[in-house]
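The structure appears right after this line, and notes come after that.
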Amino acid sequence: MPQDVDFIARPPQELIGDLNEQQAQAVQYRGPALLIGAGAGSGKTRVLTRRIAWILTQFGAWPSQVLAITFTNKAAAEMRERLGALIGGVADRMWVSTFHSACVRILRRDGEQIGLKSGFTIYDTADCERLIKLVCADFNIDIKRFTPRSILARISDYKNQLTDASTALAQYAPDFKPGMRHYSFGQIGDPEPVYAVVYAEYQYRLALANAVDFDDLIVRTVELLRTQPHVAEYYRHKFRYILVDEYQDTNHAQYVLVRELAGVDAHEPSDPMATEAGKSGPAWVTVVGDSDQSIYAFRGADIRNIQDFEKDFPDARTIMLEQNYRSTQTILDAANAVIAHNSARKPKKLWTALGEGDKIIGYAADTAQLEAHWIAQQILHLHEEKGLPYSDMAIMYRANAQSRSLEEGLIQAHIPYQLIGGTKFYERREVKDAIAYLQAIVNPADDINMRRILNVPKRGLGTRAESQLTLFANEHNQTFWWAIEQLEDIEGMSARTANAVRAFRELMTSLRTFAGEHDSKPSEIVAQVLEQSHMLELLRKSEDPQDESRVENLSQLQSVAAEFEQNTPDTTLAGFLETTALVADSDQLPGEGHDSGKVTLMTLHTAKGLEYPIVFLTGMEQGTFPHSRAMENMDELSEERRLAYVGITRAKRRLYLTRAAVRAQWGRQSEMMPSQFLDEIPDSLIDWKRREAGMERMRSGWRNDGFDDGFSDEFGGWDDGDSDYGAGSYGRSSYGSSGRSRTSSGSAFGSHAYGSSGTASNAAAGTGWGSAATFKSSSGQTAYGSGSYSSGRSRGSGSSTGAYGAHRSHGGSSSSRSSASRSGAVHTRHTTAKTPQSQGMPISQIAADNDLNIADFHVGDRITHDRFGLGKVVQTQDKGKNSVITVDFGSTGVKRLMLRLAPIEKL
DNA sequence: AGACATGGTTTTTTT
DNA sequence: AACCATGTCT
């Protein structure tokens with residue numbers, strides 16, 4: 001192999017020369033099973049990639065013999081990239097992928113043998129829920145008592161344990177057979193028969209639809225390997241080296257999968273003295289993980305996998321990496337202190353040579369809004385005074401819902417940010433609809449998706465028509481599409497309905513024909529779907545302001561498809577659908593070293609594996625973090641603590657811990673106690689800029705001598721050494737005006753200036769720093785009551801909400817989220833310019849309904865926008881059809897606009 | 001059939 | 001506050 005030459009020649013020293021002793025050992029270790037216990041920041045990925053390179057160069061393995069498994073696509077891509085840099089293009093011939101995509105690949109190749117026809121559909125959670133609801137409806141199961149979620153959770157448990165439906169049935173409902181329409185559950189007390197029956201029926205219907213859910217990808221691959229010896233044999237001999245990243249996050253099914261692939265239980269003889277994994281015997285397995293970072297037990301991750309590795313894999317060896325290269329000693333001390341509170345843990349201490357570093361900075365805000373505001377000010381300070389790029393900073397939180405107030409704080413401060421996670425692009429309704437079309441085209445047996453689009457867009461086929469078709473299909477034990485095909489045989493259907501169904505049938509037939517002829521051009525199929533279904537046309541005509549962004553999302557979908565087309569050698573529509581099904585939140589993060597110029601917001605879970613010089617860990621409150629649902633149970637609390645450990649160790653140089661004394665929770669304001677994790681960090685490590693919220697201080701009595709002291713405590717002592725901002729002026733003007741625009745003149749205690757309007761219930765969010773203002777006037781109870789922040793959300797500064805880079809990216813291109821969708825700002829519908837050519841061409845062209853060219857726009861140009869008025873161009877991004885310009889509309893805010901869609905004119 | 005209103009439920013975290 | 005399911009009215 002010609003390509004092999006250039007890496008075989010690589011001197012070994014290059015691979016280990018710059019590593020520490022343990023790292024070097026881990027890279028070089030020769031043996032059938034290796035566990036690398038890699039503490040946070042200990043160079044795990046580095047070791048892993050070097051080890052792969054080592055295996056190739058020093059063990060003489062072929063790239064095709066290596067299987068490297070990660071949990072996210074992004075991690076896989078990063079590893080592939082690093083390997084490419086290390087050993088060149090041969091990296092492309094290795095399997096470096098996630099569990100899920102590796103399984104898809106295997107199932108696409110060999111799934112036929114367990115009844116999976118090619119082109120099978122992967123259901124996402126929403127699809128699964130629909131299916132569960134259908135099943136529940138058939139069995140008269142009360143979905144209030146058994147929520148689809150809880151049922152799916154139970155099914156997922158079963159699957160993670162590799163318990164199949166027939167086993168579950170045998171135990172709890174032995175007389176049930178899948179496909180039966182009814183089942184009488186004996187006693188209502190026991191939920192298990194319900195779960196078992198729904199599980200079995202669900203599985204049965206998945207099979208009918210030629211579909212699988214996420215868990216099935218793993219489970220069915222295991223099934224394939226276990227029931228088809230020749231397939232198992234093939235993969236066992238193919239993969240001689242298997243490496244698994246984030247091993248602490250594997251569930252039982254994944255653990256078994258690794259064992260099956262490696263052939264650990266195949267009992268093939270192997271040479272105990274072997275210096276490489278030979279041609280036979282089990283593959284050599286390397287797993288990397290850190291039990292202190294196990295944060296996915298809720299989805300079945302079994303920490304025992306890593307704890308028992310040495311018992312489970314014969315002749316296993318463990319190498320611990322405990323030197324941290326990421327963080328300061330202060331940060332590590334905090335992390336170590338917190339995690340030490342977990343019992344039943346192998347003691348382990350990370351250390352660093354980076355020195356003590358800055359203290360952790362703590363801040364207790366009165367409300368979540370003020371917490372956000374304070375953070376925004378810190379970020380501005382770091383950016384403007386200290387010259388730190390925004391992309392060096394990240395804000396993390398326990399749950400996605402917390403992002404709202406943080407986003408608002410950043411928007412007010414005009415700080416660009418990117419939000420990772422939340423509702424995914426592919427989960428947006430209109431995108432999901434379009435994808436449903438594609439799924440239904442590829443796999444007509446897919447009832448869920450077929451039914452989804454039956455009346456999307458509206459074509460007069462409501463519940464009546466749907467149930468008639470369903471009934472007919474069920475009677476004949478056939479699919480929904482089959483019923484549509486046999487439409488003429490259905491009795492009792494009105495002529496009008498029949499005609500509508502016929503039209504749908506023709507639409508789908510036509511689309512399928514087109515798709516068949518253009519399988520390698522998903523983007524054209526997408527265009528065709530959007531057009532023939534009239535989805536796009538209707539959205540364009542719509543009066544609903546949200547539909548504007550829907551149009552944009554759909555065109556984005558087409559762009560994603562086009563991009564996929566360009567980057568994939570053997571493009572197929574099914575292949576495209578696969579990638580859309582398996583994207584993760586973290587996949588939208590820009591690659592390393594890529595300066596996005598934005599502050600990053602994400603959940604702690606998403607943050608795992610990442611690092612930032614500056615990290616804000618927010619919402620450090622009991623009930624928020626640790627989450628209220630995880631506080632009672634010791635195991636869950638331990639997991640929360642590990643999550644805290646993960647969060648703390650994301651910080652390289654400086655860590656901020658913030659909390660709010662009052663936080664809105666499901667519509668209500670609640671008072672929040674400080675997180676216990678704060679108490680678990682030695683006080684000496686934290687420099688509290690504000691230790692208690694105003695209310696708390698009031699409760700505990702004035703600490704020293706009254707208000708003035710409280711004030712200086714509030715705003716004094718902000719200097720972090722070299723800063724000259726702060727004290728009075730900063731605090732007063734910004735705080736006083738946080739409800740509306742920053743320039744509005746509020747007195748320092750101006751919270752009630754525009755506050756008194758609200759009623760207690762919805763205005764309680766409290767702007768300004770309620771503390772001082774209310775201390776004076778009120779005697780306690782409603783201390784935080786009088787602001788009107790909630791209404792300030794979209795007022796005053798108009799529709800500026802959401803403008804700043806509030807976009808999510810996919811595959812390198814970006815989709816901007818309309819400000820309307822989240823802010824609730826009401827936009828007057830702008831009348832789109834007529835699109836004369838809106839028939840018969842891809843939307844990328846249709847959508848280009850203004851003849852603007854990105855090349856004509858330059859930073860500083862002045863433009864006018866139909867809705868936003870005058871603006872100045874701040875930035876242009878040439879992405880061809882998807883070019884984006886960023887425009888500052890002054891008081892209206894800064895907007896990112898997709899050029900071809902923007903109703904703008906150059907001045 | 002579909003638009004609209006009402007009311008109850010909801011949030012952990014994600015491949 | 002936002003979402004969904006159900007119910008009512010046109």
Side-chain angles (χ1 to χ4, degrees), chain A residues 69-76 97-104 122-126 128-130 133 137 142-144 147-149 152-153 156 159-160 212-218 246 249-251 253-254 294-301 396-405 420-424 426-427 429 455 457-466 494 496-497 500 544 581-587 602-608 619 623-631 636 639-640 642-644 646-647 664-669 761-762 765 790-791 793 821-824:
Chain A
I69 297 176
T70 61
F71 266 83
T72 65
N73 296 309
K74 177 168 179 275
S97 66
T98 65
F99 268 109
H100 295 271
S101 47
C103 287
V104 169
I122 302 166
Y123 278 0
D124 70 8
T125 317
C128 297
E129 260 181 46
R130 284 163 89 81
K133 280 183 198 162
D142 177 11
I143 60 167
K144 296 259 158 78
T147 64
R149 266 191 87 134
L152 276 171
S156 187
K159 291 187 176 179
N160 289 336
V212 295
D213 63 20
F214 281 134
D215 295 327
D216 279 340
L217 290 173
I218 314 292
E246 307 283 13
D249 289 333
T250 52
N251 61 36
Q254 288 162 333
S294 160
I295 54 173
Y296 283 107
F298 70 91
R299 70 169 193 218
M396 300 172 190
Y397 36 84
R398 175 67 240 265
N400 276 307
Q402 289 166 253
S403 70
R404 274 168 176 68
S405 52
I420 311 296
T423 309
K424 282 182 223 154
Y426 294 110
E427 284 167 4
R429 197 187 65 200
N455 200 31
K458 301 251 182 295
R459 49 175 75 89
L461 294 170
T463 41
R464 185 77 218 278
E466 187 180 335
S494 72
R496 193 209 300 209
T497 305
D544 185 342
L582 296 177
V583 288
D585 282 337
S586 55
D587 297 339
M602 68 195 136
T603 65
L604 288 161
H605 282 86
T606 308
K608 188 163 76 148
T624 305
F625 187 33
H627 192 273
S628 51
R629 309 249 306 234
M631 275 165 44
E636 287 180 79
E639 176 142 318
E640 296 287 302
R642 289 192 292 270
L643 195 54
V646 167
Q665 270 182 333
W666 59 98
R668 258 211 189 75
Q669 302 297 126
S761 70
N762 81 352
S790 54
S791 67
R793 191 140 149 165
S821 65
R822 183 175 271 200
S823 70

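Every chain is numbered from 1 and lettered A, B, ... according to where its sequence line falls, protein lines coming before strand lines.
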Below the 4.0 Å mark, does [N] have OP1 or OP2 next to a side-chain nitrogen or oxygen of [X]?
X: A:Arg149; N: B:dT11; value: yes
X: A:Arg629; N: B:dT12; value: yes
X: A:Thr603; N: B:dT14; value: yes
X: A:Lys424; N: B:dT15; value: yes
X: A:Asn73; N: B:dT15; value: no
X: A:Thr606; N: B:dT14; value: yes

For the backbone of [Y] and the side chain of [X], can you confirm whether one donor and one acceptor N or O come within less than 3.5 Å of each other?
X: A:Arg459; Y: A:Ala500; answer: no
X: A:Asp249; Y: A:Ala301; answer: no
X: A:Asn400; Y: A:Gly421; answer: no
X: A:His100; Y: A:Leu217; answer: no

Just call it for [X]: base, sugar-phosphate, or nothing, with non-hydrogen atoms closer than 4.0 Å on any strand.
X: A:Glu636; result: base
X: A:Ala399; result: sugar-phosphate
X: A:Tyr296; result: sugar-phosphate

Please report the C-alpha distance between A:His627 and A:Phe298 in whole Å, then the side-chain angles of each, then the deciding distance to 0.1 Å, and finally whether the ring pair (Phe, Tyr, Trp, His ring centres under 6.0 Å) criterion is met.
-> CA-CA 13 Å; A:His627 192 273; A:Phe298 70 91; over 10 Å; no
Rounded off to whole Å, could you give me the [atom1]-to-[atom2] distance for the [X] and [N] pair?
X: A:Phe71; N: B:dT15; atom1: CZ; atom2: C1'; value: 8 Å
X: A:Arg429; N: C:dC3; atom1: CZ; atom2: C1'; value: 12 Å
X: A:Leu643; N: B:dT12; atom1: CG; atom2: P; value: 14 Å
X: A:Gln254; N: B:dT14; atom1: CD; atom2: P; value: 16 Å
X: A:Lys159; N: B:dT14; atom1: NZ; atom2: P; value: 21 Å
X: A:Ile218; N: B:dT14; atom1: CD1; atom2: P; value: 18 Å
X: A:His100; N: B:dT14; atom1: NE2; atom2: P; value: 14 Å
X: A:Tyr123; N: B:dT14; atom1: OH; atom2: P; value: 24 Å

Reading nucleotides 5-10 of chain C 5' to 3', which nucleotides get B (base under 4.0 Å from a protein heavy atom), which S (sugar-phosphate only), which -?
-> S-----
Between A:Phe214 and A:Arg398, name the one whose nearest nucleotide on DNA chain B is closer to the 5' end.
->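 Looking at DNA chain B, the more 5' nearest nucleotide goes with A:Arg398.
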Would you check, one step at a time, whether the test side chain to side chain contact (heavy atoms under 4.5 Å, CB included) holds for A:Thr250 with A:Phe99?
-> CA-CA 9 Å; A:Thr250 52; A:Phe99 268 109; 3.7 Å; yes
Is A:Glu640 salt-bridged to A:Arg398, cutoff N-O under 4.0 Å?
->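 Yes, charged N to carboxylate O under 4.0 Å.
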What are the atom names and distances for every N/O pair under 3.5 Å that joins the protein to nucleotides 1-3 of chain B?
| unit_1 | atom_1 | unit_2 | atom_2 | d |
| --- | --- | --- | --- | --- |
| B:dA1 | OP2 | A:Arg464 | N | 3.3 |
| B:dG2 | OP1 | A:Gly460 | N | 2.9 |
| B:dG2 | OP2 | A:Asn455 | ND2 | 3.1 |

Picking from B:dT13, B:dT11, B:dT15, which would you name as closest to the side chain of A:Thr98?
->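 Shortest atom-to-atom distance from the side chain points to B:dT15.
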Closest to the A:Asn400 side chain, choosing from B:dT14, B:dT15, B:dT11 |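 Out of B:dT14, B:dT15, B:dT11, the nucleotide with an atom closest to A:Asn400's side chain is B:dT14.
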So which heavy atom on [X] is nearest to which on [Y], and how close?
X: A:Asp124; Y: A:Phe214; result: CA-CE1, 4.2 Å
X: A:Ile420; Y: A:Tyr397; result: O-OH, 4.3 Å
X: A:Asp213; Y: A:Cys128; result: CB-SG, 3.5 Å

Given the C1' atoms of B:dT13 and C:dC4, what is the spacing between them in whole Å?
->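 To the nearest whole Å, 22 Å.
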Who pairs with A:Asn251 by side-chain contact (heavy atoms from CB on, under 4.5 Å), at least two apart in sequence or on another chain?
->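 Result, side-chain contact (heavy atoms from CB on, under 4.5 Å) vs A:Asn251: A:Asn160, A:Ala253, A:Gln254.
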Planes under 30° and centres closer than 5.5 Å, is that true for A:Phe298 with the base of B:dT13?
->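 Yes; centroid distance and tilt both under limits.
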For A:His627 and B:dT12, are the ring centres under 5.5 Å apart with planes inclined under 30°?
->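 Stacking is present between B:dT12 and A:His627, given that their ring centres fall under 5.5 Å apart and the planes under 30°.
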